[in-house]
Amino acid sequence: MSTEKKQLWVSWNENIKHRYKTIHAIDNEDQFAQIIKTSENVRYFGNKQSSSDICAGTETLINIENYDQLLDTNTELRKVTVQAGMKLKDLLEFVESQNWCIPCLPDINTVTIGGALATGTHGTSGNILASYVVECRFISADGSIKIITAEDELMDAVRVSMGVLGAFSTVTFQCEESYTLHLTEGPEKDKDWMPQLQNYIDTYAFLRILWLPHTDVGYVIKGNKVQADKVVEENLGPKYLKHRRKASKLLYKYSHVVPWSTYFANKLLYHGFFSSKKEHKGSLYQATVTKSRGSTLELAEWTIALDVFPQVFEELKTVINSFKNNSFIHIPMDIRFVDEDQSWLSYAYKQKTVTMGCVSRNAATANSYEAFETIERIFLKYGGRPHWGKRFAAKEADFSKVYPKWEAFKTLRKQMDPTNKLLNPYLASLFAEKTKVYDD
C-alpha cells in the first residue's frame, strides 16, 4: 500500500477537482477494510471516469486500481470472481478466453468493476452489468465484511448503490456461453425506425441506435446470433471513418460560443460519417465494445420506460430542432435498451427501459451546454431516471417520485452508515443529508 498527502484529486476530463488529506492506494482487502473502519469521512475511486461528483470530496480517499486480481474461476458453473479494482477490459478478456460472455456489455471497457456496478453501468439488449453479480464480499462503514449472495435481499440494495452502503471488495459474476453476432449498421429515417422499434427489440439479439439530431435520422445497429463459422462479407465502410472524433472536435470547437453552428456541424458529420452501411461479425465483446473514450467528453444520460419513450422522443425532437433555444446537441445521442431489473436504485427497476445519452464534445464548457438542462427537464416530466455515473442536476425530491424503493434505500443507508462516513457533499445533497466538507 502507498500513501499520498495533501494534493489535488482531478477527474478524467478535469471537470471535477477536490483537495484531500490522504490517498491510500490499496492492494488487499485487509487494507481496504481497515482504512474504511478508521476514517472519519472516506470515498473510493478507480479510473475517475464518472461525470457525476461521487468519487472524491472527502478527507480520505482510497484508490482501488491496484486491487485488481482474478481470484477464482468455476469452469463448470461459468463463474468468475475478481477484486473490485479490476478494469472491465481485463475481466472481459479473461471471460472471452474461456469462451464465455457476460450477455450485456457497456460501451467502454476502461472503468473499474466496483465503479461500474455502483453506478448501474449497462449495455444494450439485456440487463445492467450488476444483474450478473451472484455473490460479493462487501465492506461496510464499520469495516466489517459481509458475504452477500443473489438469494439475500440485501443484494438488490447493494448492486447499484453509489458506494454509500459500503464498498464492493470482491465480486462473482455469472457468465454464459459465448456467442457470435452478425451485425448490420446503417442510417434509417426516424419515420422508419421509430414505428418498427418494438419489432426490432423483439427480433434482434443486439440493438443500438445512434440518433443524429437535426437530421431526422438514426444510425441503427442490429445484430443476431449466428454460428461462428457463418461466412459474412465484412464491410467496415470507408477508411476515413476512423477520423470521426477528430472531425467532431474541429466542427464543435466553437459551438459553445455559437450554439446554432451545431445544426450545420451535425449535418456535415451525418453525411460524412453516418451515411455508410456496414456489415461484420464477431463475439459480443469484440463486435460491440468501443474500448476507448476521449477525455474531452462530458456526458449525461437519462432513462425512461419503454412504453413512454416514443412520447418523450417526439417532444425532445421538437424542442431541440427549434431555433428558439440553445439546445443544440452534438451527435450522436446513444439510444440503448435495458431489460427489467430488481435492483432498488437501478433505472430499470420494475420496467423495461430505454436509455438516451447526451454528449458535449467540449468538456471544459459543459456548464454552459444548455442541452443537458433541456433533456433533464423533459425526461423528469415523464418519470425519467438519471444514470448515476453521468451528469445531472436532479435532487432528492425528484428521486422519491421515480424510485419506488427510494425511502427504503435511504433508511437502509442510515442503518449501514449512521455517521454519514461514506458521503461526500455531492452525495449528501442527493440524500438530503449533511456531511463534512473537506477543503484544506
Side-chain angles (χ1 to χ4, degrees), residues 50-52 54 84 88 102-108 111-136 138 148-168 171-174 201 208 299-309 312 334-357 376 379-380 382-392 394-396 398-413 416 427 430-431:
S50 175
S51 289
S52 61
I54 65 176
L88 188 59
I102 295 174
C104 186
L105 298 180
D107 179 47
I108 61 167
V111 294
T112 55
I113 299 299
L117 299 179
T119 56
T121 296
H122 65 93
T124 188
S125 304
N127 299 105
I128 64 171
L129 183 67
S131 293
Y132 303 101
V133 175
V134 292
E135 185 174 305
C136 67
F138 196 76
I148 307 172
T149 68
E151 290 72 35
D152 297 329
E153 184 181 8
L154 187 58
M155 182 64 91
D156 284 337
V158 304
R159 275 194 173 110
V160 182
S161 54
M162 292 178 282
V164 302
L165 301 181
F168 286 107
V171 181
T172 300
F173 287 93
Q174 178 64 64
I201 292 170
R208 183 180 182 187
L299 300 157
E301 184 175 72
W302 282 83
T303 71
I304 197 69
L306 174 60
D307 58 356
V308 183
F309 174 68
V312 172
D334 199 351
I335 302 174
R336 291 180 281 178
F337 308 91
V338 182
D339 291 341
E340 182 176 329
D341 187 55
Q342 300 303 314
S343 302
W344 291 8
L345 293 193
S346 167
Y347 33 74
Y349 180 75
K350 297 272 177 103
Q351 65 183 27
K352 289 184 178 296
T353 297
V354 181
T355 75
M356 194 168 194
E376 178 162 343
F379 272 84
L380 279 176
Y382 291 94
R385 301 166 180 171
H387 188 302
W388 296 115
K390 307 292 175 66
R391 186 185 182 103
F392 60 87
K395 299 298 181 186
E396 199 269 344
D398 300 302
F399 305 140
S400 63
K401 297 175 184 177
V402 296
Y403 287 97
K405 299 289 284 187
W406 182 254
E407 293 302 324
F409 185 89
K410 285 179 62 181
T411 299
L412 179 62
R413 191 208 66 78
M416 294 184 70
L427 289 165
L430 298 188
F431 293 99

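Residue indices begin at 1 and follow the sequence shown. The shown structure was predicted, so the numbers you read here are calculated from the model rather than taken from an experiment.
Using a 4.5 Å heavy-atom threshold, the side chains of L117 and F173 count as touching. V164 is not listed as a side-chain neighbour of I54, based on a closest heavy-atom distance of 4.5 Å or more. The shortest distance between side-chain heavy atoms of P386 and Y347 does not fall below 4.5 Å. V133 has its side chain out of reach of Q174: every pair of non-hydrogen atoms, C-beta onward, lies at least 4.5 Å apart. Using a 4.5 Å cut-off on side-chain heavy atoms (C-beta onward), K410 and K405 make no contact. For the pair E407 and S400, the minimum side-chain heavy-atom distance is below 4.5 Å.
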Test side-chain contact (heavy atoms from CB on, under 4.5 Å) applied to L427 and M162, step by step: CA-CA 9 Å; L427 289 165; M162 292 178 282; 4.1 Å; yes
side-chain contact (heavy atoms from CB on, under 4.5 Å) between L154 and L412, intermediate numbers included: CA-CA 9 Å; L154 187 58; L412 179 62; 3.8 Å; yes
W406/Y349 under ring-ring contact (aromatic ring centres under 6.0 Å, His included): CA gap, chis, key distance, verdict: CA-CA 11 Å; W406 182 254; Y349 180 75; over 10 Å; no
Steps toward side-chain contact (heavy atoms from CB on, under 4.5 Å) verdict (M155, C136): CA-CA 9 Å; M155 182 64 91; C136 67; 4.3 Å; yes
Residues L306, I201; criterion side-chain contact (heavy atoms from CB on, under 4.5 Å); working and verdict: CA-CA 10 Å; L306 174 60; I201 292 170; 3.7 Å; yes
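Across all non-hydrogen atoms, the minimal contact from P106 to L88 is CG-CD2, 3.7 Å. When every heavy atom of T303 is checked against every heavy atom of F379, the shortest pair comes out as O-CD2, 3.8 Å. In this structure, G389 and S50 approach most closely via the heavy-atom pair O-OG, 3.0 Å. Heavy atoms only, all atoms of each residue included: V111 and I108 are closest at CG1-CD1, 3.9 Å. When all heavy atoms of V158 and F168 are compared, the closest pair comes out as O-CZ, 3.3 Å. Of all heavy-atom pairs between T112 and A84, the closest is CB-O, 3.9 Å.
For K401, the NZ atom counts as loosely surrounded, since its 6.0 Å shell holds 12 or fewer non-hydrogen atoms of other residues, nucleotides or ligands.
Of the possible donor and acceptor atoms, none in the side chain of S131 sits under 3.5 Å from a partner among the backbone N and O of N127. Using a distance-only test at 3.5 Å, with no hydrogens or angles considered, a donor-acceptor pair links the side chain of T121 to the main chain of A116. When atom types are taken as modelled, the side chain of D156 and the backbone of E153 share no donor-acceptor pair closer than 3.5 angstrom. With R159 contributing its side chain and S343 its backbone, the two residues share no donor-acceptor pair below 3.5 Å. R336 contributes no side-chain N or O that, together with a main-chain N or O of T124, makes up a donor-acceptor pair within less than 3.5 Å. Using modelled atom types, one side-chain atom of T119 and one backbone atom of G115 make a donor-acceptor pair closer than 3.5 Å.
Note: L129 CG to C104 SG = 8.5 Å, rounded to the nearest 0.5 Å. Separation of atoms OG (S161) and CH2 (W344) is listed at 11.0 Å; rounding is to 0.5 Å. Going from atom CG of L165 over to atom CZ of F138 covers 5.5 Å, rounded to the nearest 0.5 Å. From F431, atom CZ reaches atom CZ of R413 across 6.5 Å, with rounding to the nearest 0.5 Å. Expressed to the nearest 0.5 Å, how far CH2 of W302 lies from CE of M356 amounts to 14.0 Å. The CD atom of E135 sits 5.0 Å away from the OG1 atom of T172 when rounded to the nearest 0.5 Å.
Between R391 and E376 no salt bridge is recorded (no basic side-chain N to carboxylate O distance below 4.0 Å). Look at R208 and D107 and you find a salt bridge, because one of the NZ, NE, NH1 or NH2 atoms lies within 4.0 Å of a carboxylate O, short of that distance.
Taking the six-membered ring for Trp, W388 and Y403 have ring centres closer than 6.0 Å. Ring centroids of F392 and H387 are separated by 6.0 Å or more, keeping the two rings apart.
Exactly one residue among V402, T353, T355, V312 makes a side chain to side chain contact (heavy atoms under 4.5 Å, CB included) with I304. That residue is V312.
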